[in-house]
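Structure, as structure tokens:
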Amino acid sequence: MTSTGAASHPFWVAGRPATGADSFDVTNPWDGSLVGRVGVPTPEQVEEAVAAAAAAQHAFAATPAHVRAAALDHVGKRLAERAEEIARLITAENGKPLKWARGEVGRAVSVFRWAAEEARRFNSGEAQRLDTDPGGVGRLALTRRFSHGPVLGIAPFNFPLNLVAHKIAPAIAVGAPIILKPAPATPLSALLLGELLAETTGLPEGAWSVLPVPNDRMPALVQDPRLPVISFTGSDTVGYQIMDSVPRKRVTLELGGNAAAVVLADWSSDQDLEWAATRIATFANYQAGQSCISVQRVIADASVYDELVERVLAKVGAQVTGDPNDDATDVGPLVSEAAAERVAAWVEDAVAKGAKVLAGGVRDGASYAPTVLADLPADAILATEEAFGPVLSLHRVDGPDEAFAAVNDSRFGLQAGVFTHDLQLAFRAHRDLEVGGVIIGDAPSYRADQMPYGGVKDSGNGREGVRFAMEDYTYERVLVLTGLDL
């Protein structure tokens, strides 16, 4: 912690800017420069935010849809107006190349647009006649959705704006107060989003707070009974610790995976293999591999394996690495030197157990060169864990049965990409692959922010994607009307 006299970015308590007794520095992963200094809320300020959220619960739920939609529209508009500034902030605090940061801002604009649209049409109610049985004559059921209560949103560092948007926008859309805890490494984008929310009108005091509390103070927020809903994106270890600690709360977990790209035998033309290799190389390394659906495993049919590998290596070698502020850069640093050291250690573990390095395998500070491994043994850490770095492994299989079994041979199940033209195999993949999403003809890294997004097995539970998060934040309540002449 730094001294209280240092200038710092304010955080947001019940929609108002505030400064704490302490602060911490946010540094640039690329060059170590100071990006900003962030205030740390005191326990009293955290209590104020939680109490305000609890007090606002009923007033926020009763807020007209047009008021919530207007606030969401405003944030989306302001994000678009300040897009370049915000993209550069993301790059500064996270280290992702500017081209990907710009894409993240564009996605966040879409998230708020979708949330505004959903706020206007969500919860119109579903009528159900009950006179299908004699005891229901004259009765009509109307089902609507209502908030479980205030939400604790816990966001990760890898998409410091868009994954914050995926917590906040659905909560505002349904009228659920939210306390957002950003990742300590990348809080500045979330605090700027608070600045835009503070420009809105009509939301009750306590509707939202952004609190950059240290991770060691997170358990108290998790345990607080006034926050009955928790939406967490991050590691499976921390996610399940949260769930196990509050078994009676509504907990949504998005925990990542070790996504596979499957290339089947019919995907064999020059054009096909060029496309697959390009997409695999790009999305194994974008965000420096720090994406839950980054390509980690390539599972290729033996008939196309050799040619695909040659093309993948060429495409990986063509990835431009370096300064993330350069428009030409494809791969920047990881979020910290410690993260790069972990990736290096896992690659060294794989090599010690028999894997072959076909490309990369070199660390330079917080950067790790795009890396391709072959012959990855089953007992290597990278065979079972999420790499969360620019590392992919190549696997040869015979036929779709073996390919789909290889995808499912994982404790994770977030998304998979299947390169095939065969419609029957596409539907079979949808049926048989134990994942939350199957992407046909592309890498597993595709995500549209309005679609349901989440996984199975150790990849978590519940779904993000604006409308689906809104459903997670709410429950059905039935109204039965009696004595009607239907």
Side-chain angles (χ1 to χ4, degrees), residues 1-2 8-9 22-38 40 87-101 104 154-164 181-192 212-218 232-239 255-256 258 284-294 296 319 321-326 329-349 360-371 381-382 385-391:
M1 296 287 179
T2 58
S8 64
H9 289 262
D22 293 310
S23 61
F24 65 93
D25 292 343
V26 178
T27 56
N28 188 318
W30 172 246
D31 59 14
S33 62
L34 179 67
V35 181
R37 189 159 288 162
V38 176
V40 178
R88 291 186 179 276
L89 177 63
I90 292 170
T91 293
E93 68 172 340
N94 172 277
K96 72 173 61 181
L98 192 55
K99 62 189 282 185
W100 296 114
E104 179 173 349
I154 305 171
F157 69 80
N158 56 328
F159 289 85
L161 177 69
N162 195 44
L163 292 185
V164 168
K181 180 201 171 309
T186 57
L188 299 177
S189 299
L191 295 176
L192 189 147
V213 299
N215 286 342
D216 60 5
R217 287 173 54 192
M218 186 170 69
F232 172 85
T233 301
S235 75
D236 59 299
T237 299
V238 175
L255 305 178
N258 55 3
N285 298 295
Y286 85 127
Q287 326 282 341
Q290 297 170 125
S291 167
C292 300
I293 45 179
S294 175
Q296 183 169 333
Q319 293 283 299
T321 63
D323 186 348
N325 296 291
D326 188 331
T329 298
D330 299 309
V331 186
L334 280 80
V335 73
S336 67
E337 187 165 351
E341 289 172 346
R342 176 196 52 81
V343 172
W346 286 11
V347 172
E348 290 167 6
D349 167 77
V362 178
R363 182 180 71 85
D364 180 9
S367 296
Y368 197 79
T371 298
I381 298 172
L382 284 168
E385 299 297 324
E386 180 177 29
F388 228 60
V391 180

Provide the closest heavy-atom pair for [X] versus [Y] in the form atom of the first, atom of the second, distance.
X      : Y      : value
Pro324 : Gly95  : CB-O, 3.3 Å
Gln296 : Leu382 : NE2-O, 3.2 Å
Leu334 : Pro390 : CD1-CD, 4.0 Å
Pro29  : Ala366 : O-CB, 3.6 Å
Pro333 : Ala288 : O-CB, 3.7 Å
Val335 : Gln290 : N-OE1, 3.0 Å

What's the verdict on side chain to side chain contact (heavy atoms under 4.5 Å, CB included) for Val238 and Met218, showing C-alpha distance, side-chain angles and the deciding distance? CA-CA 11 Å; Val238 175; Met218 186 170 69; 4.0 Å; yes

Derivation and outcome, side chain to side chain contact (heavy atoms under 4.5 Å, CB included), residues Asp330 and Asn285: CA-CA 8 Å; Asp330 299 309; Asn285 298 295; over 6 Å; no

So among Pro184, Pro214, Ser8, which one has a side-chain contact (heavy atoms from CB on, under 4.5 Å) with Val40?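 When side-chain contact (heavy atoms from CB on, under 4.5 Å) is applied between Val40 and each of Pro184, Pro214, Ser8, only Pro214 qualifies.
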
Heavy-atom check, side chain of [X] versus side chain of [Y], under 4.5 Å:
X      : Y      : result
Asn325 : Thr91  : yes
Glu386 : Ser235 : no
Ser336 : Glu341 : no
Lys99  : Thr329 : no
Trp346 : Val391 : no

Check whether more than 12 heavy atoms from other residues, nucleotides or ligands sit under 6.0 Å from atom CG of Asp364, and answer yes or no. no

Would the distance check show the side chain of [X] and the main-chain N or O of [Y] forming a donor-acceptor pair, the cut-off being under 3.5 Å?
X      : Y      : answer
Asp349 : Ile381 : yes
Trp30  : Gly322 : no
Arg363 : Gly365 : yes
Gln319 : Tyr286 : no
Glu93  : Ser189 : yes
Thr371 : Ala369 : yes
Thr233 : Ala155 : no
Asn94  : Phe157 : yes

For residues [X] and [Y], is any side-chain donor paired with an opposing acceptor at under 3.5 Å?
X      : Y      : answer
Lys96  : Asn158 : no
Gln287 : Ser294 : no
Asp25  : Thr27  : no

Once rounded to the nearest 0.5 Å, what's the spacing between atom [atom1] of [X] and atom [atom2] of [Y]?
X      : Y      : atom1 : atom2 : answer
Ile154 : Leu163 : CD1   : CG    : 13.5 Å
Leu89  : Leu188 : CG    : CG    : 5.5 Å
Phe388 : Ser291 : CZ    : OG    : 6.5 Å
Asp22  : Arg37  : CG    : CZ    : 12.0 Å

With side chain to side chain contact (heavy atoms under 4.5 Å, CB included) as the criterion, how do Phe232 and Leu255 come out once you've worked through the C-alpha distance, each side chain's angles and the decisive distance to 0.1 Å? CA-CA 8 Å; Phe232 172 85; Leu255 305 178; 3.7 Å; yes

